[in-house]
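What follows is a set of notes on a single structure, which appears directly below.
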Amino acid sequence: MSINVGIAGLGVVAQGLLDLAKANTVQLDEITGDTVRVSRVASRRLRDEVELGSTAFSTDLNDLISDNDLDLVIELIGGTDAAYDLIKSCLNQGRGVITANKAVLATHGNELLAIARERNVPLAFEAAVAGGIPIIAALKTRFPANNIQWLTGIINGTCNYILTAMSEEGVAFEDALRTAQELGYAEADPTFDVGGMDAAQKLAILVALAFDVPIEIDEVYCEGIEDITIDDIRHADEFGYSIKHLAIGRQDDDVIEMRVHPALVPKENLLAKVNGVENAVQLGTANTGVLRFTGPGAGGHATASSVIADLTNIASGLYRHPGIGGSELNARSIGDVASPFFLSIAATDRPGVIASIGETLARHGISIASMVQKQEEVVRSVDTAVIPVVILTNSVVERELDQSLKELESLADIASPIKKIRVVDFA
Ligand SMILES: NC(=O)c1ccc[n+]([C@@H]2O[C@H](COP(=O)([O-])OP(=O)(O)OC[C@H]3O[C@@H](n4cnc5c(N)ncnc54)[C@H](OP(=O)(O)O)[C@@H]3O)[C@@H](O)[C@H]2O)c1
């Protein structure tokens with residue numbers, strides 16, 4: 001028998017998929033027991049670099065819906081609107097879909113997965129999070145005897161490339177971003193990546209799978225890396241930490257926290273050693289300890305290999321619907337999350353200032369694990385000298401910390417705003 005596949009899009013991942021499908025025809029047929037054939041491609045335009053042979057091509061996505069010979073459609077156009085219409089129409093027709101599109105899943109995933117389940121057709125999305133790493137397959141099994149308690153990940157390659165370059169080469173954020181753009185690791189408009197939204201969408205999907213809750217992108221607390229400076233990275237390093245952009249999901253007493261933000265990670269933690277555009281996800285489980293997954297989070301071939309994994313699963317009859325939305329998502333607000341903090345304070349260099357910082361924090365029940373005055377970094381002007389003071393606190397509820405910082409910032413000797421970065425070390 002032959003399995004006829006239609007592809008939407010002819011970009012990076014679609015081209016990677018066409019390459020891999022061609023190079024692995026025999027293996028694919030052997031695994032599935034059928035002949036897998038890309039019989040139609042629809043995209044905005046034909047690309048000169050692509051050789052489609054006998055595969056039908058059109059610029060109208062509707063041709064993927066009306067072609068009754070197609071068994072499966074692989075959506076690789078990205079974005080939300082056209083992708084949503086295409087996926088929904090295919091599913092409603094009883095046709096299975098594979099997608100690499102985290103944006104459409106983060107926005108419409110609950111509805112689309114419900115349709116797929118109702119019509120009993122596959123909607124597979126291994127490539128949508130962490131490109132070539134099989135984290136969706138791992139989470140779909142949900143490790144029944146393991147009891148996942150938390151997950152942390154580096155799931156945006158652009159942020160990780162920039163932070164690695166800042167740390168290893170001592171370049172400023174803007175320079176690292178420019179290089180990332182030149183190398184094709186960042187978009188011309190990088191806001192979605194460096195602002196954290198891309199990681200937030202992926203986290204919402206991972207959390208839904210890990211804890212059997214709906215995909216709730218609006219409940220993800222999201223901060224980007226735009227305000228991280230070379231000084232922050234250097235000061236964190238002196239305390240024994242790297243700064244990484246992390247995605248964190250944690251379940252505790254049926255309350256779930258979902259957050260993406262820069263974080264200090266102890267240098268001995270695996271995540272501190274994940275550099276450049278690599279991705280990594282750690283799963284904290286009750287019975288198996290910490291499970292670690294690392295690998296390429298993007299790239300045409302790496303991402304297409306995940307699409308092929310979905311394809312072979314479906315064609316071999318191994319696909320099963322993900323467990324998502326079995327229970328309500330009761331989200332913890334960021335103000336209620338407790339963690340240690342790194343604080344960077346610009347203080348007037350005069351006697352008594354350090355004592356008043358300590359007293360103010362103590363009044364709010366915040367204890368200091370380490371505090372260093374960066375005497376060598378004093379900035380002098382005609383009538384003042386400002387000294388950076390860097391502090392590591394012990395664990396504190398964020399709302400309480402914010403109150404103490406507001407009080408500190410109102411002091412004449414403290415320049416506002418105080419920089420705070422969360423410290424994360426679940427492992
Ligand atoms: N690139 C990666 O490494 C990677 C990794 C993981 C997941 N993904 C996901 O994979 C998907 C595809 O990414 P990509 O990097 O391959 O994107 P891409 O290179 O921009 O390719 C998108 C393709 O779809 C076409 N297209 C876009 N909107 C269309 C529309 N409304 N109608 C018809 N055709 C349309 C584009 O046409 P033009 O040729 O005219 O631009 C292009 O051929 C996205 O959801 C992305 O998030 C990508």
Side-chain angles (χ1 to χ4, degrees), residues 6-21 38 40-50 52 55 57-65 73-90 97-109 112 123-136 153-161 180-181 183-190 192-193 197-206 217 247 276-279 281 295-311:
I7 299 177
L10 257 189
V12 174
V13 182
Q15 291 183 31
L17 178 61
L18 288 167
D19 280 354
L20 292 192
V38 178
R40 177 174 289 283
V41 172
S43 192
R44 200 154 39 203
R45 65 192 160 109
L46 197 52
R47 298 274 192 110
D48 291 343
E49 67 273 28
V50 182
L52 282 177
T55 301
F57 176 83
S58 78
T59 53
D60 188 354
L61 295 177
N62 287 316
D63 290 343
L64 293 167
I65 301 166
V73 168
I74 303 180
E75 182 276 303
L76 299 172
I77 60 174
T80 44
D81 298 346
Y84 167 71
D85 291 342
L86 174 66
I87 296 172
K88 188 172 172 179
S89 300
C90 288
V97 175
I98 297 171
T99 179
N101 186 338
K102 72 254 154 188
V104 78
L105 290 170
T107 323
H108 300 291
L112 294 173
L123 172 54
F125 50 93
E126 182 63 66
V129 182
I133 304 175
I135 188 66
I136 302 293
I154 292 174
I155 50 178
N156 182 275
T158 309
C159 285
N160 205 44
Y161 174 85
Q181 286 169 322
L183 293 171
Y185 297 149
E187 305 281 341
D189 176 2
F192 205 69
D193 286 313
M197 267 315 288
D198 173 84
Q201 290 184 335
K202 293 167 180 168
L203 177 67
I205 297 168
L206 293 181
I217 182 64
V277 290
E278 285 280 292
N279 277 200
V281 180
H301 283 172
T303 309
S305 76
S306 288
V307 173
I308 298 245
D310 281 339
L311 180 59

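Order of listing sets the numbers, starting from 1, for every ligand and every atom in it.
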With R44 via salt bridge (charged side-chain N to carboxylate O under 4.0 Å, His left out) - residues at least two apart: none
Check: N160 side chain, G276 main-chain N or O, donor-acceptor pair, under 3.5 Å: yes
Residues forming a side-chain contact (heavy atoms from CB on, under 4.5 Å) with A180, sequence neighbours excluded: Y161, I162, Y185, A186
Inter-residue atom distance N101.CG - I74.CD1, 0.5 Å rounding: 13.5 Å
Neighbouring protein residues of ligand 1 - any heavy atom closer than 4.0 Å: G9, L10, G11, V12, V13, S43, R44, R45, R47, L61, L76, I77, G78, A82, A100, N101, K102, A127, A298, G299, T303
Flag side-chain contact, heavy atom, 4.5 Å: L18 against L10: yes
Partner set under salt bridge (charged side-chain N to carboxylate O under 4.0 Å, His left out) for D198, not counting sequence neighbours: K102, K202
